[in-house]
Every structure is written in C-alpha cells, then in structure tokens.
Amino acid sequence: MKLLTEIKARFKPALEALLEGANAAEIDALLSMVRPTQDDKFGDYQVNCAMALAKKLGSAPRDIATALVEQVKLDDLCEKVELAGPGFINLTIKDMWLKGALSKVIADTNLAVEQVADPRTVVIDLSSPNVAKPMHVGHIRSTVIGDALAKIHRFIGHKVITDNHLGDWGTQFGMIIYGYKHFVDEQAYQQNPVQELSRLYKYVRVIVDYHGAAKALPEAQELKQKQLGALEKIQAQDHTDDKAKLKKVKKDIQRLKEKIALQDELIVGFTKTLNSDAEIQAVAAQHPTIANDVLVETAKLHEGDKENRELWDKFLPHCLDDIQRIYDRLNIEFDYVLGESFYQDKLASIVEELTNKEIATESDGAMCVFLDGFEAPMIIRKKGGAFLYSTTDLATIRHRVEEWKADTMLYVVDHRQGDHFDKLFAASEKWGYTDVELTHVSYGTVMGDDGKPFKTRAGDTVGLEGLIDEAESRALAVAKEQNPNLEEDRQKEIGRVVGLGALKYADLSQNRNSDYKFSYDKMLALKGNTATYLQYANARVHGILRKLDTDVEKLRSSTDDIIFSEAVERQLAMQLLRFDETINEVLAEYRPNLLCNYLFDLAQLFARFFDQCSVRDAASSEIQLSRLQLCGLTSRTLTCGLELLGIESLERI
RNA sequence: GCUCGCGUAGCUCAGUUGGAUAGAGCAUUCGCCUCCUAAGCGAAGGGUCGCAGGUUCGACUCCUGCCGUGAGCGCCA
C-alpha cells in the first residue's frame with residue numbers, strides 16, 4: 001500500500017474544492033508538497049501547501065491549514081494531525097494502519113511496488129567503449145548506471161532493451177591494421193591474439209605520440225617564450241599608483257605565471273616522450289608519416305578495401321572476446337551489441353534522404369544540418385565524403401524506432417557530449433522522429449587527485465580490469481579474516497561479491513551529475529556507506545533466521561501482527577513501507593543514487609534494531625514473530641534493492 | 001571570447017526541486033563483543049552552504065553581479 005499516494009489522495013478533493021477551476025498541474029504541484037518529515041518530532045509526513053496558498057487565497061496560512069484539515073478525512077489514517085509553525089500540517093500515521101500496510105507488503109512477491117499502467121519500450125544506450133582499446137575507470141559509470149536503470153525500469157513493468165553501442169569502426173582499427181602490417185609478431189598472435197593486438201595498438205600509439213610530441217615541443221617552447229615576453233612587459237607596469245590597476249596587473253602576472261608553469265609541464269612531458277627508449281626513437285624515424293598513414297588505413301577500411309576489411313573481420317571477434325571478459329566479471333549482460341559498424345551501409349542513404357528533404361545542406365564542402373538555437377551545425381558528412389558519429393547516431397535512432405518500436409531512448413553518456421546530443425535530438429525531430437522521447441542521461445567525469453580528468457602520472461588511465469582485481473583481492477583479505485574457518489571457495493565467492501559490489505556502489509551512490517575524484521580507497525572501501533554495509537545487514541538477518549531455524553516462506557504467509565515495542569521497530573517499518581516511493585523518485589530523474597541513499601538508511605535502521613531488539617531473546621513469542629517479520633522484509637528489500645543496482649547479496653559474508 | 005556545469009565539515013560527497021535546529025562516510029577522540037556476524041553500535045569535536053545583493057512568511061535551493069574551478073564550442077568519438 002502506498003502511503004504517500006494515500007495521503008495525497010485524501011488531500012486532493014479538499015484542494016480542488018478550495019481552488020475552484022484550478023488545473024491538474026496546479027493541484028499536482030500542491031500535492032508534491034506532501035512529503036516525509038525530516039524529524040520524527042514533527043510526525044511522519046508533513047503537508048506544506050497552506051503557506052504556498054496564502055497569497056493566492058488572500059488569507060492567513062494557518063487558517064487555510066485549519067480549513068484543509070477540517071475537510072480532509074484522516075481519522076482512520078492518522079493518530080495525530082497537528083498545525084505547527086507558519087502553517088505546517090504534521091501527520092502521524094496510526095500504528096494500526098502501518099501494520100496493515102506492512103502485512104500487505106510482506107505478502108506481496110513484488111514488495112508492493114506497483115507495475116506501471118502504460119508500459120513503454122525503453123532503449124538504453126550504455127557502456128559503449130571503443131573496442132581494441134583497454135577499458136578504464138571512465139567506462140564503469142555508463143555501464144553500471146545504465147545497467148541499474150535498465151533493471152529498475154524492468155522491475156516496474158517497462159519493456160527494456162539495452163544496447164551496447166560499441167565504437168568498433170574508428171581510428172583505433174587503423175592503428176591496429178597499421179601495427180599488424182608492420183610490427184606483428186605472428187607467433188605471439190597465434191598464441192594470444194587479444195594480447196598481441198593490444199600490444200600493437202599501444203605500440204603504434206606510442207609512435208604516433210612520439211611524432212606528436214616532436215611537433216608540439218617547439219610550439220610549446222615558442223608559446224612559452226611569448227608568454228615570458230608578455231610577463232616582462234606586464235611586470236614593467238607594476239609600479240602604478242592606481243590601486244585598481246595594480247590589482248589587475250598583479251592578477252595578470254599571476255595568471256601568466258600559471259600558464260608558463262603549465263607550458264613547462266608540457267615541455268617536460270614532450271621531452272620525456274622524445275627521450276624514451278632508443279628502439280622507439282629508431283622505429284619512429286622509420287615511420288615518419290605514421291599518423292597520416294593510420295588515417296589512410298582507417299579510410300581504406302571504411303571505403304571497403306578488401307585487405308583491410310578482411311583484417312577487421314579477423315580482429316573484431318578477438319576484440320569482442322576481450323571486452324566480454326570484463327562484462328562477465330562485472331556480471332553485466334546486454335540485449336544487443338550493435339556497434340557503429342552495424343550502421344555503415346545505411347549512412348549514405350540517410351544523408352541522401354536528408355539532403356532531398358532539404359534538412360541537410362552543403363557548407364564548405366560538408367553536408368550539414370543547421371539547427372535553430374545552435375551556432376554550429378551538425379555535420380553529417382565530411383568534406384572528403386566520410387561519415388561521422390552524428391550520422392551513425394541518426395541511423396541508430398531510426399533503427400531503434402523502426403525495428404524495436406522504442407518509445408524512449410536513454411543515452412547514458414558522459415556530460416561532455418551534451419552539445420552533441422542536443423543537436424542530435426533536434427536534428428532527429430526535424431527529420432520526423434517526434435514521438436520518441438530522447439534523453440541524455442549524462443554523468444560527470446572521473447577526476448584524478450589534481451582535479452583534472454583522470455590520468456595516472458604515466459599518462460595511462462587506471463585499467464578497469466586491474467581495478468576489479470584489486471577490489472576482489474581487498475575484499476578477499478577481509479573475508480578470510482572474518483571467516484577463517486570457511487572453505488576457500490566460499491571465501492573467494494564472498495571476496496568476489498563484496499569487492500565487485502563495493503566498486504559498483506561507489507559509483508552508483510554518487511549523484512550522477514557530479515564529477516568525482518577517483519581514489520582506490522574510496523572505490524574499494526568496505527566500511528561506512530558502502531555496498532558492503534548493505535550486504536552485511538542482509539547477512540546478519542540471515543544469521544538470525546539460521547539461528548532460529550526460520551522458514552522464510554512460511555514466515556511470509558503468516559498473518560501475525562507486527563508489534564512496535566521499541567521506537568526503532570516503528571522507524572524500520574516506516575522505512576520498509578517507503579520502498580515504492582524511492583523507486584518512483586529514481587525513475588523520475590534517472591538517479592540510482594537515491595536508491596543507494598534509501599538502502600543505506602534502511603540498513604542503518606536495521607543495524608540499530610539489531611543492537612536494541614534481540615530476536616532470540618525477545619520478551620514474548622509474539623514479539624519474536626513480529627521481529628522475524630521485520631527481519632524477513634528487511635532482507636527481501638535489501639536484496640531486491642541491491643539486485644536493482646546490479647549488486648549481488650549473500651546469506652553469509 | 002561565447003555557452004553550460006560546479007563551489008556544502010580537515011578529506012570525499014548527500015541534501016527529497018523553496019520548508020522547521022544543513023546531513024552521511026572517512027579521518028580524530030572516547031565508550032561498547034560471556035549476548036542473533038564488531039565489515040557493527042553509541043557519543044564528542046568539526047560549517048559565514050565561494051562572496052555581495054535581490055525575490056518572500058521562509059533561501060544551500062530561485063534571480064542578478066563578482067570570484068574560483070571544470071567542460072563544450074564545423075568536418076574526433
């Protein structure tokens with residue numbers, strides 16, 4: 001039974017009577033001012049709309065509140081209805097009502113979360129790494145957030161299609177093809193193709209970077225000289241009596257100095273690259289035009305060159321195996337894995353169609369879609385005739401709408417691509433796809449300690465696989481310490497589940513909009529607000545059930561009354577009843593972190609309950625049964641919540 | 001330069017769309033295992049919610065300006 005919905009339903013007719021002729025949106029806005037109280041002393045729920053109505057109705061908020069309370073039938077639902085402060089209406093729900101609602105949740109297999117009345121087909125675009133490049137920490141966000149959103153949408157009855165839109169057609173293949181043609185160790189390739197391809201990618205990358213550094217170094221040095229000159233000039237002015245001017249001059253000096261320091265850093269980096277080992281220098285000398293040659297290989301692939309296409313066909317399965325290994329470890333599956341290559345043969349006709357419809361026009365040799373409200377157009381075909389990311393994305397929208405009948409598409413992609421999606425969505429609407437709801441579920445960047453997008457000192461990002469290894473081994477160490485007598489296999493299983501859970505939860509529990517700083521210790525923490533805390537609470541429930549030899553199924557079907565003998569039991573019950581409110585909030589804004597918050601609060605209440613309310617030594621058998629019911633439902637809610645986040649739970653950790 | 005985001009405790013972050021005395025975790029200090037898992041519980045300290053105005057019964061939340069910071073800005077994805 002939905003508590004919040006129930007309260008709102010009670011207030012709705014009274015508000016409609018009070019505001020004659022108000023539209024539904026206005027009433028909804030007022031009803032959204034019904035919310036849980038922040039503090040128990042104000043009761044369970046508070047209604048705040050009296051204050052908002054004061055001006056509109058021209059009377060005192062307390063009078064409005066009084067009038068509202070008189071008109072709303074609450075005596076069967078509320079123990080206490082109090083007016084407080086400027087016009088708050090504080091509601092305390094009757095214990096009887098809570099107990100009734102709780103029995104219904106206990107009896108319901110779906111924890112009384114209602115299925116949606118109008119199921120939609122929701123396509124979720126997630127993960128989308130470039131194959132053939134090692135996956136790093138940055139990829140975890142899209143994957144994990146997208147997976148959680150998929151599971152939650154499914155849970156309430158939507159039809160969900162997850163699609164991993166792989167980058168499998170880009171320049172990285174030009175690099176691998178070039179690398180294969182010039183540097184392959186055929187024996188190594190036979191033995192372990194994935195590893196050899198990965199080596200080739202990195203090798204070519206290093207040489208390309210070498211030439212990049214060789215080109216950039218003098219430019220950086222020149223820029224530094226210019227900045228030094230400017231600094232000297234400004235410093236010469238640093239004697240003025242004008243205070244405001246002096247302040248500005250000082251600031252300019254400061255800024256210039258920072259810029260120079262930045263150039264110095266770059267110069268050091270480039271110099272280091274150029275002085276890398278002798279082999280690289282020698283190879284670089286033999287391949288002076290490698291950067292361009294790589295592009296040529298890529299272009300040949302796109303144009304259908306037989307040799308390159310064969311190589312691509314040969315390499316791709318190995319690349320897919322490589323990333324699949326990581327998805328297996330993350331325990332994540334996709335309904336479809338349609339990469340960019342899937343859409344290649346559809347691009348030319350799309351550009352043609354858009355041109356014929358005069359949606360796309362030529363500009364500087366490129367085909368562009370000009371859009372109202374955007375300075376730059378969306379380019380769908382380059383000067384040279386090649387297609388872009390934008391073109392593929394348009395083809396993807398068509399495919400998802402026409403083949404999959406998508407009603408909604410969620411793109412779980414880094415916020416830096418916000419502009420791209422704004423344009424894409426606008427272009428798609430112009431193209432005629434007006435019924436499908438397109439949403440960029442953006443998320444913040446993973447930053448390093450220095451507050452810049454994450455890189456290690458060596459310039460590499462932290463590999464995702466290494467991170468998973470580390471998470472599991474840290475958790476295994478604790479598991480061994482906690483359960484020294486358990487068989488090794490089970491210790492390992494605990495290590496895997498706990499480590500992976502910690503990793504996923506660390507990401508999911510952040511507001512997805514914020515950038516966040518990466519830290520091993522934070523991502524792999526096993527104490528405090530972590531998945532481990534939730535898994536631990538669940539394991540403690542199972543400890544109780546085991547000790548008392550409780551049949552969980554039987555418990556669920558029993559109709560014994562819940563008894564609130566301690567305050568924390570009522571608080572726990574209230575929290576358990578709010579699961580459905582939380583699910584709705586998560587979906588309203590695609591924010592899994594709200595589910596994390598809810599589960600953490602629930603686990604916290606359970607930890608207190610565990611401390612204060614012994615089940616085994618309960619004062620009576622009735623209280624013991626009631627507590628068992630609370631334990632059972634807590635465990636089911638935690639397990640379900642974790643599962644929706646893509647995190648496993650265990651009966652013992 | 002233009003556009004968008006962010007600035008909350010020593011650190012990392014929440015903050016239910018404008019509600020009552022701003023919250024967690026980590027770190028620090030103290031207390032709690034004869035008792036259902038101490039990966040836990042309880043307590044303490046720690047804040048000019050970047051700064052200055054404005055809007056109103058009420059502002060961390062909305063508006064304006066400033067400061068700091070990050071990202072994006074026609075042929076990369």
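Each chain gets a letter, A, B and so on, in the order its sequence line appears, and its residues count up from 1.
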>> On a heavy-atom basis, which atom in Gln172(A) and which in Gly167(A) lie closest, and how many Å separate them?
In response: NE2-O, 2.9 Å
> Checking all strands, does Cys631(A) fall into the base, sugar-phosphate, or nothing category for heavy-atom contacts under 4.0 angstrom?
Replying inline: nothing
> Are side-chain N/O atoms of Thr37(A) and Asp40(A) paired as donor and acceptor at under 3.5 Å?
Replying inline: no
> Between rG10(B) and rG53(B), how far is it from one C1' atom to the other, in whole Å?
Replying inline: 31 Å
> How many angstroms lie between atom CD of Gln417(A) and atom CG of Asp393(A), to the nearest 0.5 angstrom?
Replying inline: 8.5 Å
>> Show me the dot-bracket string of RNA chain B, counting Watson-Crick or G-U pairs under 3.5 Å, with | for pairs to another strand and [ ] for crossing ones.
In response: (((((((..((((.....[...)))).(((((.......))))).....(((((..]....))))))))))))....
> Are OP1 or OP2 of rU12(B) and a side-chain N or O of Lys522(A) less than 4.0 angstrom apart?
Replying inline: no
>> Please classify the nucleic acid contact of Asn48(A) as base, sugar-phosphate, or nothing, using heavy-atom distances under 4.0 Å.
In response: base
> Expressed in angstrom and rounded to an integer, what is the separation of Phe421(A) atom CZ from rA71(B) atom P?
Replying inline: 19 Å
>> Without decimals, in angstroms, what is the distance between Leu594(A) CG and rA14(B) P?
In response: 11 Å
> Taking the side chain as C-beta and beyond, is there a heavy-atom pair between Arg652(A) and Arg490(A) under 4.5 Å?
Replying inline: yes
>> Applying a 4.0 Å non-hydrogen cut-off, can you work out what Gln38(A) is touching in the nucleic acid: base, sugar-phosphate, or nothing?
In response: base
> To the nearest angstrom, how far is Gln417(A) atom CD from rU3(B) atom P?
Replying inline: 23 Å
> Using atom C1' of each nucleotide, how far apart are rU16(B) and rC60(B) to the nearest Å?
Replying inline: 14 Å
> Across the strands shown, which category fits Phe42(A) at heavy-atom distances under 4.0 angstrom: base, sugar-phosphate, nothing?
Replying inline: base
> Closer to the 5' end of RNA chain B via nearest nucleotide, is it Phe88(A) or Gly365(A)?
Replying inline: Phe88(A)
>> Taking any heavy-atom pair under 4.0 Å as a contact, classify Ile379(A): base, sugar-phosphate, or nothing.
In response: base
>> Once you apply a heavy-atom cut-off of 4.0 Å, does Ala366(A) come out as touching a base, just sugar-phosphate, or nothing?
In response: base
>> Using only modelled atom types and a 3.5 angstrom limit, is any donor from either the side chain of Glu375(A) or the base of rU3(B) paired with an acceptor on the other?
In response: no
>> Could you tell me how far rG46(B) sits from rU28(B) if I compare only their C1' atoms? Round to whole Å.
In response: 10 Å
> Between Arg578(A) and Glu585(A), is there a side-chain N and carboxylate O pair less than 4.0 Å apart?
Replying inline: no
> Syn versus anti for rC26(B), judged by chi lying within 90° of 0?
Replying inline: anti
> CD1 of Ile380(A) versus P of rC76(B): gap in Å, rounded?
Replying inline: 15 Å
>> Is there aromatic stacking of Tyr536(A) on rG40(B) here, judged by a ring-centre distance under 5.5 Å and a plane angle under 30°?
In response: no
> Nearest nucleotide by nearest heavy atom, which residue falls closer to the 5' end of RNA chain B, Asp419(A) or Lys55(A)?
Replying inline: Lys55(A)
> Looking across every strand, which nucleic acid part, if any, lies under 4.0 Å from Phe374(A) by heavy atom: base, sugar-phosphate, or nothing?
Replying inline: nothing
>> Can you confirm whether Ile653(A) sits close enough to Tyr536(A) that some side-chain heavy atom of one is under 4.5 Å from a side-chain heavy atom of the other?
In response: yes
> Quantified in whole Å, what is the P atom distance between nucleotide rU69(B) and nucleotide rC57(B)?
Replying inline: 39 Å
> How far does the C1' atom of rA44(B) sit from the matching atom of rA9(B), given to the nearest Å?
Replying inline: 14 Å
>> Using atom C1' in both nucleotides, what's the gap between rG54(B) and rU61(B) to the nearest angstrom?
In response: 15 Å
> Taking the six-membered ring for Trp, are the ring centroids of His420(A) and Tyr389(A) within less than 6.0 Å of each other?
Replying inline: yes
>> With a 3.5 Å cut-off and heavy atoms only, can you find an N or O donor on one side and an acceptor on the other between the side chain of Gln46(A) and the base of rA20(B)?
In response: yes
>> Need one value for Leu548(A): base, sugar-phosphate or nothing, where a base atom within 4.0 Å counts as base even if backbone is also close, heavy atoms only.
In response: nothing
> How far does OG of Ser509(A) sit from CG of Asn593(A), to the nearest 0.5 angstrom?
Replying inline: 7.5 Å
> With a non-hydrogen cut-off below 4.0 angstrom, is Glu362(A) in contact with a base, only sugar-phosphate, or nothing?
Replying inline: nothing
>> Using a heavy-atom cut-off of 4.0 Å across all strands, would you classify Arg608(A) as base, sugar-phosphate, or nothing?
In response: sugar-phosphate
> Base, sugar-phosphate alone, or nothing: which one does Ala84(A) contact when heavy atoms must sit under 4.0 Å apart?
Replying inline: base
>> With a 3.5 Å cut-off and heavy atoms only, can you find an N or O donor on one side and an acceptor on the other between the side chain of Asn90(A) and the base of rA20(B)?
In response: yes
> Hey, does Met378(A) have a side-chain heavy atom less than 4.5 Å from the side chain of Ile380(A)?
Replying inline: yes
>> At less than 4.0 Å, is any side-chain N or O atom of Lys382(A) found next to OP1 or OP2 of rC76(B)? Yes or no.
In response: yes
>> Does a side-chain N or O of Lys547(A) approach OP1 or OP2 of rU37(B) to a distance below 4.0 Å, or not?
In response: yes
> Do His139(A) and Ser127(A) get their side chains close enough for a donor-acceptor pair, meaning under 3.5 Å?
Replying inline: no
> Around atom NZ of Lys492(A), are there more than 12 heavy atoms of other residues, nucleotides or ligands at under 6.0 Å?
Replying inline: no
> Is the phosphate of rG15(B), meaning OP1 or OP2, less than 4.0 Å from a side-chain N or O of Asn593(A)?
Replying inline: yes
> Are Ser363(A) and rG74(B) close enough that a side-chain N or O sits under 4.0 Å from OP1 or OP2?
Replying inline: no
>> For the C1' atoms, the ones on rC11(B) and on rA59(B), what distance do you get once it is rounded to whole angstrom?
In response: 27 Å
>> What's Lys383(A) touching, base or sugar-phosphate or nothing? Going by heavy atoms closer than 4.0 Å.
In response: base
> Counting any heavy atom closer than 4.0 Å, what does Ala479(A) reach on the DNA or RNA strands: base, sugar-phosphate only, or nothing?
Replying inline: base
> CD of Gln510(A) versus P of rG23(B): gap in Å, rounded?
Replying inline: 21 Å
>> Under 4.0 Å from OP1 or OP2 of rC35(B): is there any side-chain N or O of Arg616(A) that close?
In response: no
> Does rG70(B) have OP1 or OP2 sitting under 4.0 Å from an N or O in the side chain of Arg416(A)?
Replying inline: no
> Given atom CZ of Phe370(A) and atom C1' of rC73(B), what is their separation to the nearest angstrom?
Replying inline: 15 Å
> Between Tyr443(A) and rA71(B), does any side-chain N or O lie under 4.0 Å from OP1 or OP2?
Replying inline: no
>> Just N and O in the side chain of Asn511(A): are any of them under 4.0 Å from OP1 or OP2 of rG15(B)?
In response: yes
>> By the 4.0 Å heavy-atom rule, please label Cys49(A) as base, sugar-phosphate, or nothing.
In response: nothing
> Quick one: His420(A) NE2 to rG74(B) P, roughly how many Å, whole number?
Replying inline: 14 Å
> Please give, in whole Å, the distance from rU12(B) P to Asp507(A) CG?
Replying inline: 17 Å
> Between Phe425(A) and Tyr411(A), is the gap from one ring center to the other below 6.0 Å?
Replying inline: yes
